[in-house]
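Heads up: the structure comes next, in C-alpha cells.
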Amino acid sequence: MSDDDNSPISAREARRLFAGLKDAPALVLAVSGGPDSVALMWLAARWQRSLARAPQITVVTIDHGLRPEAAREAREVKRLAAALGLPHRTLRWHGEKPKTGLPAAAREARYRLLAKAARAAGASHVLTAHTRDDQAETLLMRLFRGSGLAGLSAMAPFTAREGIVLARPLLDVPKSQLIATLRRARIGFAEDPSNRDAAFTRPRLRALLPLLAAEGGDARNLARLAARLARANAAIEVLADGAERFLRVRDRGDAPQVGVRSFEASAFAALPEEVRLRLLLRAINALGHEGPAELGKVETLMSVLDRAAASPRAAANGRPVLKQTLAGALISLAGGRIQIAPAPARRRKGK
C-alpha cells in the first residue's frame with residue numbers, strides 16, 4: 001500500500017488487494033454501512049468491473065436487531081450496492097440476545113449468517129473489511145487477556161470457517177486510507193455509536209492507541225508485530241506436526257485405540273515445552289466435549305503431568321498415577337504412557 005496513510009487507494013492498488021480472489025466462482029461482501037465495509041464494497045465493485053471474467057459478488061448486511069438505526073443503514077447499503085450494480089441481501093439475527101458477552105455472541109451470529117449466505121450464493125469466500133487498525137486492536141485485546149503465541153498472531157488474511165473461507169483483503173490498509181477513498185468518491189457512510197461506547201473493550205483500547213503511538217506503538221508497528229508472531233506460530237505448528245509423527249513412530253508396535261490418543265511419557269517429556277503444550281491442546285480439543293481448552297489450564301495440566309512423570313511410581317506398574325479431566329477430556333498417566341480420551345458425561349443433578 002501507499003506510504004501515505006491519508007491517500008485514497010488507487011485502481012492499481014485495489015487490483016493488488018483483490019488479486020488472489022479473481023479465480024473464485026463468487027464472493028460475498030460483509031457490509032454494515034460503516035466506512036471500512038462501504039470502502040470494501042466500492043473497491044470490490046471497481047475491481048470487478050476491471051476484469052474480463054470476474055467473480056459474482058453479493059453484498060450482505062447483517063442486522064443484529066440491537067440498534068433502531070440498523071434497518072435504515074441496511075437500506076442505505078442496498079441503495080449504494082444497486083448503484084454499483086451489485087445484488088444485496090439483509091439478514092437478521094433473530095432470537096433472544098445474551099445479557100453478557102454480547103459482542104462475542106453478535107460476532108458468532110454474524111459469521112454464521114454470512115456463511116449461510118455464501119453457501120446460498122455459491123460463494124467460496126466471505127470478504128470482511130478488517131483493517132490494520134482492527135489488527136492492532138485485536139493484538140492488544142489478546143495480549144491483555146493473556147493469549148499465547150497463536151492468539152497474538154491476531155487475524156489471518158484467510159481463515160476457513162464452516163466450509164467457507166473468510167478473506168480480509170484490507171488487513172494491511174489503514175482506516176484513514178479507506179475514509180480518504182470514500183471522500184474522494186463522495187460516498188457517505190454510517191457511524192456505529194457502539195464503536196465509541198466505553199462499555200466495550202475494543203473502543204477503550206482504541207482510545208489508548210494515540211498514547212501508544214507516541215511511544216512507537218502505532219497501528220503499523222502493532223500489525224507488523226502480529227505478522228511476525230504469526231510467522232513464528234506457523235513454524236512451531238510445523239514442529240508440532242513433526243513431533244506427532246515422531247511419537248507415532250515410537251508407538252509403531254502398539255495397536256492404536258480408537259478415540260484415544262496416547263504418548264510415550266519419556267519421549268513426550270523430551271520435546272520442547274511449547275510443542276508439548278500444543279500436542280496436549282490438540283488432543284484435548286479433538287477428544288473433549290467441553291472445549292476448546294483454555295491455554296492456562298493446559299499449562300497447569302502439563303506441570304502436573306511433569307511432576308507425576310518424574311515420580312518413581314510413574315513406570316512401576318500399569319496403575320494410574322494421574323487422572324484428570326479438562327474440557328471434557330480425561331487425561332491419565334499410567335505405565336509410562338500419557339493417554340487422552342473423552343471423559344464420561346457428567347451426571348445431571350438430581351439423577
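What you see is a predicted model, and the numbers here were worked out from it, not measured in a lab.
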Exercise. Go through the steps to decide whether Arg168 and Thr159 satisfy the test side chain to side chain donor-acceptor pair (under 3.5 Å), and finish with yes or no.
Key: CA-CA 9 Å; Arg168 302 176 175 97; Thr159 307; 3.0 Å; yes
Exercise. Start with the C-alpha gap between Leu271 and Leu247, add the side-chain angles, then the distance that decides, and say whether side chain to side chain contact (heavy atoms under 4.5 Å, CB included) holds.
Key: CA-CA 10 Å; Leu271 297 170; Leu247 292 173; 4.2 Å; yes
Exercise. Go through the steps for Glu69 and Arg72 under the test side chain to side chain contact (heavy atoms under 4.5 Å, CB included), then give the verdict.
Key: CA-CA 5 Å; Glu69 305 89 351; Arg72 175 178 53 78; 3.7 Å; yes
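In this structure, the side chain of Asp63 does not engage the main chain of Ala74 through any donor-acceptor pair within 3.5 Å. Here the side chain of His289 pairs a donor or acceptor atom with the backbone of Ala343 at under 3.5 angstrom. Using a distance-only test at 3.5 Å, with no hydrogens or angles considered, a donor-acceptor pair links the side chain of Arg132 to the main chain of Asp172. No donor-acceptor distance shorter than 3.5 angstrom exists from the side chain of Ser147 to the backbone of Leu143, with no hydrogens or angles considered. Side chain of Gln177 to backbone of Ser7: a donor-acceptor contact under 3.5 angstrom is found. Judged by distance alone, with hydrogens and angles left aside, the side-chain atoms of Glu264 form no donor-acceptor pair with the main-chain N or O of Arg250 at under 3.5 Å.
Ion pairing of Glu244 with Arg282 is present here, as a side-chain N (NZ or NE/NH1/NH2) and a carboxylate O approach within less than 4.0 Å. One finds no salt bridge joining Arg16 and Glu13 here, because no Lys/Arg side-chain nitrogen approaches an Asp/Glu carboxylate oxygen to under 4.0 Å. The residues Glu162 and Arg112 are annotated as not salt-bridged, no charged nitrogen and carboxylate oxygen being separated by less than 4.0 angstrom. Here Asp5 does not pair with Lys175 in a salt bridge; the nearest charged N to carboxylate O distance is not below 4.0 Å.
The two atoms that bring Ala240 and Val275 nearest to each other are CA-CG1, 4.0 Å, heavy atoms only. Taking each heavy atom of Leu287 and Gly259 in turn, the nearest pair found is CD2-O, 3.6 Å.
From Asn221, atom CG reaches atom CD of Glu215 across 12.5 Å, with rounding to the nearest 0.5 Å. Atoms CZ and CZ, on Arg248 and Arg261 in that order, are 8.5 Å from each other to the nearest 0.5 Å. To the nearest 0.5 angstrom, Glu237 atom CD is 6.5 Å from Asp241 atom CG. Interatomic distance, Leu27 CG to Leu86 CG, rounded to the nearest 0.5 Å: 10.5 Å. We find the CG-OH distance between Leu166 and Tyr111 to be 5.5 Å, quoted to the nearest 0.5 Å. Expressed to the nearest 0.5 Å, how far CG of Leu330 lies from CD of Gln324 amounts to 9.5 Å.
Residues Phe200 and Leu205 are not in side-chain contact: their nearest non-hydrogen atoms beyond the backbone lie 4.5 Å or more apart. Here the side chains of Phe263 and Arg337 are not in contact, with every heavy-atom distance at 4.5 Å or above. Inter-residue side-chain proximity for His130 and Leu170 is flagged as unmet; no heavy-atom pair is nearer than 4.5 Å. Residues Ile236 and Leu149 are in side-chain contact: their nearest non-hydrogen atoms beyond the backbone lie under 4.5 Å apart. Using a 4.5 Å cut-off on side-chain heavy atoms (C-beta onward), Ser303 and Glu299 make no contact. Side chains of Pro55 and Trp47 form a contact here, defined as non-hydrogen atoms less than 4.5 Å apart.
Leu29 and Val126 fall into different hydrophobic clusters, where Ile, Leu, Val, Met, Phe, Trp and Tyr are joined by side-chain heavy atoms under 4.5 Å apart, directly or via other members.
Applying the 6.0 Å contact sphere to CZ of Arg184 captures no more than 12 heavy atoms from other residues, nucleotides or ligands. Summarising the local packing, CD of Glu273 is surrounded by 12 or fewer heavy atoms from other residues, nucleotides or ligands at distances under 6.0 Å. Gln56 CD: 12 or fewer foreign heavy atoms inside a 6.0 Å radius.
Side-chain atoms of Thr131 and Asp134 include a donor-acceptor pair closer than 3.5 Å. A donor and an acceptor atom, one from each side chain of Arg202 and Thr138, are located under 3.5 Å apart. Using modelled atom types and a 3.5 Å distance limit, the side chains of Asn233 and Arg278 yield a donor-acceptor pair. Between the side chains of Glu73 and Ser32, no donor-acceptor pair of N or O atoms lies under 3.5 Å.
Residue pairs meeting the side chain to side chain donor-acceptor pair (under 3.5 Å) criterion with at least one partner in residues 88-101, sequence neighbours excluded, are Thr61-His88.
Tested against Leu178 for a side-chain contact (heavy atoms from CB on, under 4.5 Å), the candidates Val38, Asp36, Leu40, Asp133 yield a single pass: Asp36.
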